[in-house]
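Only one structure is covered here, and it is reproduced in the block below.
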Amino acid sequence: MMHSVFMKTLYDLRWNVLAFCIGLGMLAFFVLFIYPSVADAQEGMFDGLAGEAAQAILGSANPGTPEGFLNVQLFSFLPLFLAIFLIISSSAAIAGEEGDKTLGVLMARPVSRWRVLTEKAAAIGVGLVVITLAMALGAVLGAVVAGVDIDLVKMALAIVAAIPWGLFVLGFGLFCSAIFKSRMWAALLATGVVVAAYMFNSLTEFVTSLVTYNRFLPMYYYNWGDPLIGSLNWNHVAVLSGSGLVFYLLAMLVFERREIVG
Amino acid sequence: METVLRTHKLSKRFGKFVAVRDLDLDVERGEIYGFLGPNGAGKSTTIRMLLDLIRPSSGTAEVFGRNVRKHGTSVRRRIGYLPGELALYENLSPRQLYEYSGSLYGVSDMSYALELSERLKVTNVDAKIGSLSQGNKQKVGIVQALLHKPQLAILDEPTNALDPLVRQEVYRILNEAREHGTTVFFSSHVLAEAERICDRVAIIREGELTRVGTVEELKAISPRRMKISFAGPVPLDELSAINGVSDARMNGDPHTVDLLVRGNMDAIVKVASRYNVDDFYSEDVSLEEIFLGYYGESDAPPASMSNTGTDQPVSEVQQLIPPDRVLEERPIVAVPAGDGELRDNEMDARR
C-alpha cells in the first residue's frame with residue numbers, strides 16, 4: 001500500500017482527514033438541518049446593525065434567506081476550519097519529520113527533495129479536497145433532510161470553492177515547514193499569519209479607512225460563499241491559487257538549499 | 001581496487017565551530033571500513049555530508065566516482081544508511097516500513113528483509129514500531145538499511161542497543177554482504193567490533209583524521225602488555241631500565257610485575273631468564289588502547305567504553321605511541337570551540 005511518499009503521507013493523514021470529514025461534515029449538516037427552526041428568528045436578528053457591519057457578517061446575502069444563514073454560520077468560519085487541518089498537516093510535512101528525526105532517513109533514500117515536497121503537498125491537497133467534499137455532502141444532506149429551499153448544486157460548489165483558499169494556506173504552511181526545523185515554530189508562524197489576516201480582514205469591514213489595505217490580505221480573495229448567490233470570482237481563485245503556488249515554490253527553494261539536521 | 005568513497009579536504013563548519021576539517025578518505029570496494037572516534041569527533045557530520053543531508057563548507061565528497069552534491073539521488077540509490085540517532089516511523093510496523101523503504105529503492109520483494117529480520121530476531125514485524133524496544137528498533141533500522149542489498153552500506157553506530165548475540169549476527173551479516181561485494185563504511189566508538197570485523201580503520205579526532213590503516217598495522221606500532229611472575233623478588237629496577245619498557249609496576253603482588261613494552265622483547269627475556277620465572281604472559285594491546293593513545297586525558301572517551309583490561313592511565317598509554325611510527329599521519333590542529341549549529345550529542349561532547 002505504501003509505495004510512495006504520496007501514499008505514506010496519505011496514510012499518515014488518514015485519521016486527521018477522517019476526523020475533519022466527520023466534524024465539518026456534521027457541522028454543515030446541522031447548520032442546514034436546524035435552519036428551518038431558526039429561520040424566523042434570523043429575519044430580524046441583524047436589523048440593528050449598520051450597513052458595513054451587516055455586510056461583514058452576512059456578506060451580500062439576504063439575512064433572512066438560507067444563503068445568508070449559511071454565510072453567518074458556515075462560510076465565516078470555514079476558512080479557519082480548513083486552515084487548522086492544513087497547518088497541522090503542512091507543518092508535519094517537513095519540520096515535523098525533521099523534529100521526529102525521520103527526515104534524515106527519508107532523504108538518505110534515492111528521492112529528491114522536490115519530489116518529497118511535491119508528493120507530500122499532493123497528499124495534503126487530496127485531504128483538503130476530501131474534507132470539502134465531505135462538508136458539501138453534509139450540507140446537501142442537511143438541506144434535503146430539513147427541506148431547506150436552496151440550490152443544492154450551488155451550495156455544494158460554494159463550499160468546494162474554499163479550495164483555492166486552502167491551496168494558499170497549504171503553500172504558506174509548507175513554506176513555514178521548510179523554513180523551520182521545529183514543527184511548533186512552523187505551525188505558530190502559519191497560524192499567526194492566518195489568524196492575523198482573518199482578524200484584520202474583519203476589522204477592515206468595520207473601519208472604512210482600512211478598506212484600501214484589504215486587497216493585500218488573502219482573506220479578501222476568499223469567496224465567502226459568494227458562489228451561492230452569484231458566480232465564482234475567478235480572479236480571486238487565481239490570486240489565491242497563484243499565491244499558494246508561489247509559496248510552494250519558495251518552500252521548494254528553501255528546502256532544496258537547506259541542511260537536514262534531523 | 002576501485003574506490004567507492006572518496007573525500008577530498010572535506011570540511012564542515014557551523015559558525016565558528018569546525019566539525020570536520022580537511023578530511024581525506026578513500027574507501028575501496030568490498031572492504032569493511034571502520035570510522036572510529038568518540039561522540040563529537042565528527043563521524044556523524046561526515047556521514048551526513050556523504051548523503052547530502054548537510055553540505056560541506058569546503059572540499060568534495062564522491063561516492064562511486066560521482067559528486068554526492070550534484071548526483072545525490074542516483075548515488076543514494078546504491079547506498080543503504082543507518083543513522084546514529086535512529087528514529088523510525090513509529091506508526092508503521094516493520095513490515096510496512098520495509099515495504100515503504102523498498103519501494104523508494106524499487107524493491108518489491110521483501111523476502112530478504114524478512115530473512116534479515118528473522119536472523120536478527122525482530123520480535124514482531126507486524127507490531128507498531130513505536131511499541132518495540134530500543135534494541136528491536138535498532139534491528140529494524142539495520143534491516144531497512146540493507147534490504148535493497150546496497151553496494152555501499154553506511155552504518156552509523158550499527159550495534160547500539162544490541163545484545164552481544166545479536167551483535168555477532170550483525171557482524172556475520174556484514175561479512176556476508178562484503179563477500180557479495182558490498183562495501184561497508186561504519187562508524188563506531190565500540191573498538192572491539194572494529195577490531196573484529198574491519199579491514200581498515202580510520203581514527204578521527206575533533207574533526208580531523210589522525211590515523212588510517214589496517215587493524216594489524218595499527219596494532220603493530222603499538223605497545224604490548226606483559227605480566228611476569230617470579231618465584232622470588234621482582235627485579236623491578238632492572239626491568240624498568242630496559243629500553244622500550246615505558247611502564248613497569250607491581251600491583252599488590254610482590255612477585256608479579258606488569259610491563260608495557262614496545263619494540264624487541266629480547267632484552268626483557270634475557271633479564272627475566274636470570275631469575276626463576278613462574279609465569280610469563282604477553283598480549284597485544286587492544287585497538288581501544290591504540291585509540292586512547294590518540295586522545296588526551298581531557299577528551300578521552302568515557303569510562304563506559306573503556307575496556308582495556310589495564311589500569312594504565314591514558315597519558316601513559318599515549319606516550320607509548322611513537323610519533324615517528326605512524327602509517328598515515330596528519331597534523332593534529334587544535335579546534336577552537338565556538339557557537340554553531342550541531343547535533344546535540346556532538347556539541348555536548350565538544351563542550
Side-chain angles (χ1 to χ4, degrees), chain A residues 1-19 88-89 92-120 123 127 178-183 185 252-262, chain B residues 12 14 44-45 47-57 68-69 71-93 95-108 129-130 140-141 144-145 147-148 150 154 156 341-344 346:
Chain A
M1 178 186 168
M2 270 174 284
H3 296 306
S4 62
V5 175
F6 173 78
M7 293 302 292
K8 163 72 168 56
T9 308
L10 274 185
Y11 179 84
D12 291 340
L13 289 173
R14 67 196 190 287
W15 297 119
N16 270 352
V17 171
L18 183 65
I88 289 172
S89 306
I94 305 297
E97 273 226 35
E98 191 159 24
D100 293 341
K101 297 194 178 297
T102 54
L103 189 62
V105 184
L106 174 60
M107 297 316 308
R109 288 164 177 151
V111 285
S112 60
R113 295 187 184 194
W114 72 263
R115 181 180 149 193
V116 167
L117 191 71
T118 303
E119 291 195 24
K120 281 176 177 274
I179 289 177
F180 292 105
K181 292 166 184 172
S182 149
R183 182 179 184 180
W185 286 111
M252 191 176 292
L253 189 68
V254 171
F255 188 42
E256 284 283 353
R257 295 171 69 91
R258 82 168 173 85
E259 302 192 332
I260 295 169
V261 298
Chain B
K12 182 62 185 176
F14 296 98
S44 296
T45 301
I47 286 174
R48 297 175 78 80
M49 283 191 282
L50 294 175
L51 293 160
D52 193 35
L53 297 177
I54 60 176
R55 277 66 191 261
S57 303
V68 296
R69 186 77 188 84
H71 305 282
T73 306
S74 62
V75 163
R76 291 196 299 271
R77 188 170 296 283
R78 303 161 76 179
I79 296 177
Y81 170 57
L82 173 73
E85 287 182 42
L86 178 64
L88 302 169
Y89 297 113
E90 305 225 326
N91 62 332
L92 302 186
S93 67
R95 189 191 300 274
Q96 287 174 313
L97 180 71
Y98 301 156
E99 287 172 359
Y100 178 47
S101 184
S103 72
L104 299 178
Y105 291 103
V107 174
S108 55
I129 290 172
V140 172
Q144 64 84 33
L147 61 84
H148 58 294
I154 297 181
D156 196 352
E341 188 178 6
L342 195 63
R343 293 165 62 181
D344 290 345
E346 299 195 345

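Convention: sequence-line order gives letters A, B, ...; per-chain numbering from 1.
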If you count heavy-atom pairs under 4.5 Å between each of A:Val5, A:Asp100, A:Leu103 and chain B, which one has the most? A:Val5

Which residue out of B:Gln144, B:His148, B:Arg78, B:Glu90 racks up the most heavy-atom pairs below 4.5 Å with chain A? B:Gln144

Go through the steps to decide whether B:Tyr89 and A:Leu106 satisfy the test side-chain contact (heavy atoms from CB on, under 4.5 Å), and finish with yes or no. CA-CA 10 Å; B:Tyr89 297 113; A:Leu106 174 60; 3.7 Å; yes

Donor-acceptor check, side chain of B:Arg76 to backbone of A:Val111, threshold 3.5 angstrom: yes or no? yes

Hey, what do you get for NE2 (A:His3) to CG (B:Leu104), rounding to the nearest 0.5 Å? 11.0 Å

At a 4.5 Å cut-off on heavy atoms, which part of B:Ile54 comes close to chain A: side chain, backbone, both, or neither? both

For residues B:Asn91 and A:Asp12, determine if any side-chain heavy atom of one lies less than 4.5 Å from a side-chain heavy atom of the other. yes

Has B:Arg48 got a side-chain atom pairing as donor or acceptor with A:Ile260's backbone, closer than 3.5 angstrom? yes

How many angstroms lie between atom CZ of A:Arg109 and atom OG1 of B:Thr73, to the nearest 0.5 angstrom? 14.0 Å

Interface residue of largest heavy-atom contact number with chain B, from A:Ser112, A:Ser4, A:Ala108, under 4.5 Å: A:Ala108

Out of curiosity, A:Met107 CE to B:Tyr81 OH, how far, rounded to the nearest 0.5 Å? 12.5 Å

When rounded to the nearest 0.5 angstrom, what distance separates NZ in A:Lys8 from OG in B:Ser101? 11.5 Å

Just so I understand: if I count every heavy-atom pair under 4.5 Å between each of B:Leu53, B:Leu50, B:Leu51 and chain A, which residue has the most? B:Leu53

Looking only at B:Arg55, B:Gln96, B:Glu99, most heavy-atom pairs under 4.5 Å shared with chain A are made by B:Arg55

Side chain, backbone, both or neither: which part of B:Ser108 has an atom under 4.5 Å from a heavy atom of chain A? neither

Chain A heavy atoms under 4.5 Å from B:Leu92: which part of the residue, side chain, backbone, both or neither? side chain

A:Glu97, A:Met7, A:Arg258: which one forms the most heavy-atom pairs within less than 4.5 Å of chain B? A:Glu97

Looking only at heavy atoms, which two atoms of A:Arg113 and B:Asp52 are closest? And how far apart? NH2-O, 3.0 Å

